Amino acid sequence: MKRLNNRGVSLIEILIAVVIFALCITPIIAQLASSIRIGQRADDQQAATDYGKSVAETIKQTELDSLLYTATGQSQFADSLGIELSSMNIEGSYYSVKSDGNNGVVIPAGSYVTGRMTPGSGTGFASVTAMYQAINLANKAASEDAQEALVREFHVTGTAEIDYRHYDVDIVLDTKPYAEASLKPATTYVDPNAVNLGNLSSLDASTSAVIPGLSNYDTTAASAYMNAIISALENSGDESKEMIATQIKNGNRTITNSVEKTITVEINKLSVPDLNGNQYQVICHVQYESPSIQSQYGVSAADTTMDYIALQQSYKQIPEIYLMYNQFLYYNDYQDDVIQIVNKTGEQAKVYVIRTAEDDSAISGSSVDEDGNPVTPANSLIPTGTGYNRDDKNGSNYLYMTQFRITEDLDDNPVAIYTNMPLKVEEGGVIYDNIISSVNYPGNRTCKMSVNVSQSAIGSVVHPLDQDERYSEQGRAYNIVITLTNQRTGNVTTFDTSKGDY
């Protein structure tokens, strides 16, 4: 029988095999480790970039000046950015600048708002508006090359956890590029906020509720409304009312009446999120009613009331609400509007009431004949003359008003209304309030608007639109630079809106 060779493998052979294997596998391991590091760095940078975009968008939608210098505001701001509140630090300052980029003299560097900011090295002002007023006054007496514009700066630092990564966050915001540009000739400058306000369609539909076109009582609605009244008169069983209906249909009689319109905006918090994770719901009702018809002809309220839903939408976070609004035109007369806000969220609701036309010249006759008498154009919707235009007065009383009504307790469900309707008016060189408390002064029509809070509380509820810096006439858009440093790896990601990162 042939004997097999069972001497096995020697130690030297094993060592040689191990060395060969190590030489072969080392580059593979190194390449794999490098790929993992590159992948991790790419993931890290992607997470940081996504966070930077989110931060930039949040800041664009934030009214910084009124938010950053209160404890509640800082808490909301930190939460919206995902920054740990205990780590967040905010520094802010203001100064004026000239078109060549050099600092101005009207608002010294390091200026601040007294009572709201830590005093800097500059001058204290009662408000940011006071700074703009100081600059405007100085610019009136200055030559073109000496004009100045206000720069607003904020510096926010803190730490944030993003996709299980911990970052040091550094955010610098300033308006210097826009301030300098605003001093250039008008042909080369576009106010960024004018663009923003003029393109409300660009608002994020997931965080904004835009309610358009609730101003006029159109022909179709008017016909339906009057047909309902005629039908009620015809079916009343009263011969005199039936005769009135016949006369109206034959054009022998008209119904003299007024119509009240109520716009009701409800903001509710759902007890349980829906299947899409939405927790809030906004519903806008529009209702027309004619009490004068009810009392004059005995027609029921149901037959003289029209109600429809203009918007019903759900959101994952409480949305900002934009109500596109002009005073209500009923046939040939403007009528009172009621804008009712029902906030049941336990959080602050922000409602922007945007009067989309400055005056009624587009629909009211404004031309004159050769003798200087007013002439009503053929295409005018309302006649020319006192008693027809929406801002007309009868003595000291406005004929038509806008009434804001807030139904819920403001301590539990705060509401902030921002509007471009003037809250103050000038008559004969004197400035007057244009909004009055319907609580303290019920029935008073010497102002164009009213709100059902005390006179002393009006300023905390109804604000001019330019108090929200996104819609200021001065152009308060921010350039934003965000630097994120991964605390574990040291990787740094910079996000600069001026370089097109956003």
Side-chain angles (χ1 to χ4, degrees), residues 63-69 91-154 173-197 355 358-359 418-435 447-448 458-460 462-479:
E63 187 187 347
L64 293 173
D65 184 67
S66 64
L67 183 67
L68 294 185
Y69 292 101
E91 297 176 358
S93 65
Y94 303 84
Y95 63 95
S96 57
V97 66
K98 297 182 179 180
S99 59
D100 60 6
N102 292 323
N103 284 5
V105 296
V106 179
I107 312 295
S111 293
Y112 57 95
V113 177
T114 56
R116 293 179 58 187
M117 300 172 62
T118 302
S121 58
T123 302
F125 288 83
S127 65
V128 178
T129 299
M131 297 183 194
Y132 279 110
Q133 290 172 342
I135 288 180
N136 290 338
L137 182 63
N139 283 345
K140 288 181 179 179
S143 60
E144 184 174 340
D145 60 353
Q147 302 282 306
E148 298 183 12
L150 184 66
V151 175
R152 305 151 65 91
E153 287 188 345
F154 292 100
L173 309 97
D174 73 84
T175 62
K176 187 173 182 179
Y178 304 106
E180 291 177 2
S182 70
L183 296 170
K184 304 295 184 183
T187 55
T188 64
Y189 173 64
V190 177
D191 182 346
N193 291 290
V195 174
N196 197 356
L197 183 57
R355 182 164 163 170
E358 184 176 355
D359 54 40
Y418 290 83
T419 181
N420 62 345
M421 292 187 286
L423 301 186
K424 295 183 180 294
V425 294
E426 180 178 351
E427 294 182 7
V430 180
I431 303 296
Y432 296 95
D433 286 333
N434 203 25
I435 184 168
C447 294
K448 194 72 182 74
I458 288 178
S460 63
V462 185
H463 312 271
L465 184 65
D466 63 7
Q467 276 192 7
D468 184 326
E469 58 207 15
R470 290 170 294 168
Y471 305 120
S472 164
E473 295 176 355
Q474 305 298 332
R476 302 184 184 179
Y478 285 95
N479 178 54

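Just the heavy atoms: all of them, side chains too, but no hydrogens, waters or symmetry mates, feed the values below. A quick note: this is a predicted structure, and the numbers were derived from the prediction, not measured.
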Asks: To the nearest 0.5 Å, how far apart are CG in N479 and CG in L173?
Replies: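 Separation between the atoms: 8.5 Å.
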Asks: Quick one: list whatever passes side-chain contact (heavy atoms from CB on, under 4.5 Å) with A138, sequence neighbours left out.
Replies: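 A138 satisfies side-chain contact (heavy atoms from CB on, under 4.5 Å) with V106 once adjacent residues are dropped.
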Asks: Show the nearest heavy-atom pair for residues A134 and F125, with the distance to one decimal.
Replies: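 Scanning both residues completely, I find the closest heavy atoms to be CB-CE2, 4.2 Å.
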Asks: Checking side chain to side chain contact (heavy atoms under 4.5 Å, CB included) between S96 and each of N103, V105, I107, N139, which is the one that passes?
Replies: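 When N103, V105, I107, N139 are each tested with S96, the side chain to side chain contact (heavy atoms under 4.5 Å, CB included) holds only for I107.
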Asks: Are L465 and T419 close enough that some pair of their side-chain heavy atoms sits under 4.5 Å apart?
Replies: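 No, every pair of side-chain atoms sits at 4.5 Å or beyond.
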Asks: Output the distance between atom CG (N136) and atom CD (E148), rounded to the nearest 0.5 Å.
Replies: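 One finds 11.5 Å between CG of N136 and CD of E148.
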Asks: Verify side chain to side chain contact (heavy atoms under 4.5 Å, CB included) between S99 and E180, making sure each step is shown before the conclusion.
Replies: CA-CA 5 Å; S99 59; E180 291 177 2; over 6 Å; no
Asks: Go through it in stages, so that I can follow the logic: the residues are Y94 and L150, the test is side chain to side chain contact (heavy atoms under 4.5 Å, CB included), and I'd like the CA-CA distance, side-chain angles, deciding distance and then a yes or no.
Replies: CA-CA 7 Å; Y94 303 84; L150 184 66; 4.1 Å; yes
Asks: Are the side chains of Y95 and K176 in contact, using a 4.5 Å heavy-atom criterion?
Replies: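 Yes, side chains in contact.
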Asks: Taking C-beta and beyond as the side chain, do K448 and I435 meet within less than 4.5 Å on heavy atoms?
Replies: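 Contact flag for K448/I435 side chains = no.
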Asks: Could you go through the side chain to side chain contact (heavy atoms under 4.5 Å, CB included) check for D433 and K424 one step at a time?
Replies: CA-CA 4 Å; D433 286 333; K424 295 183 180 294; 2.5 Å; yes
Asks: Please give me the minimum heavy-atom distance between A179 and A149, naming the atom from each residue.
Replies: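 What the structure gives for the nearest pair is O-CB, 3.5 Å.
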Asks: Work out which heavy atom in F154 is nearest to a heavy atom in G92; give both atom names and the distance.
Replies: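 The pair with the smallest heavy-atom distance is CD2-CA, 3.9 Å.
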Asks: Any ion pair linking R152 and D174 (charged N to carboxylate O, less than 4.0 Å)?
Replies: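 No, no charged N to carboxylate O under 4.0 Å.
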Asks: I need the S93 OG to Y112 OH distance, nearest 0.5 Å.
Replies: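 It comes to 12.5 Å.
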Asks: So, for S121 and A109, which heavy atoms are closest and what is the spacing to 0.1 Å?
Replies: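 Smallest heavy-atom distance, with atoms named: OG-O, 3.6 Å.
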Asks: List in chain and number order the residues that pass side-chain contact (heavy atoms from CB on, under 4.5 Å) with D100, two or more places apart in sequence or in another chain; answer none if no residue qualifies.
Replies: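 Listed in chain order: K98, N102.
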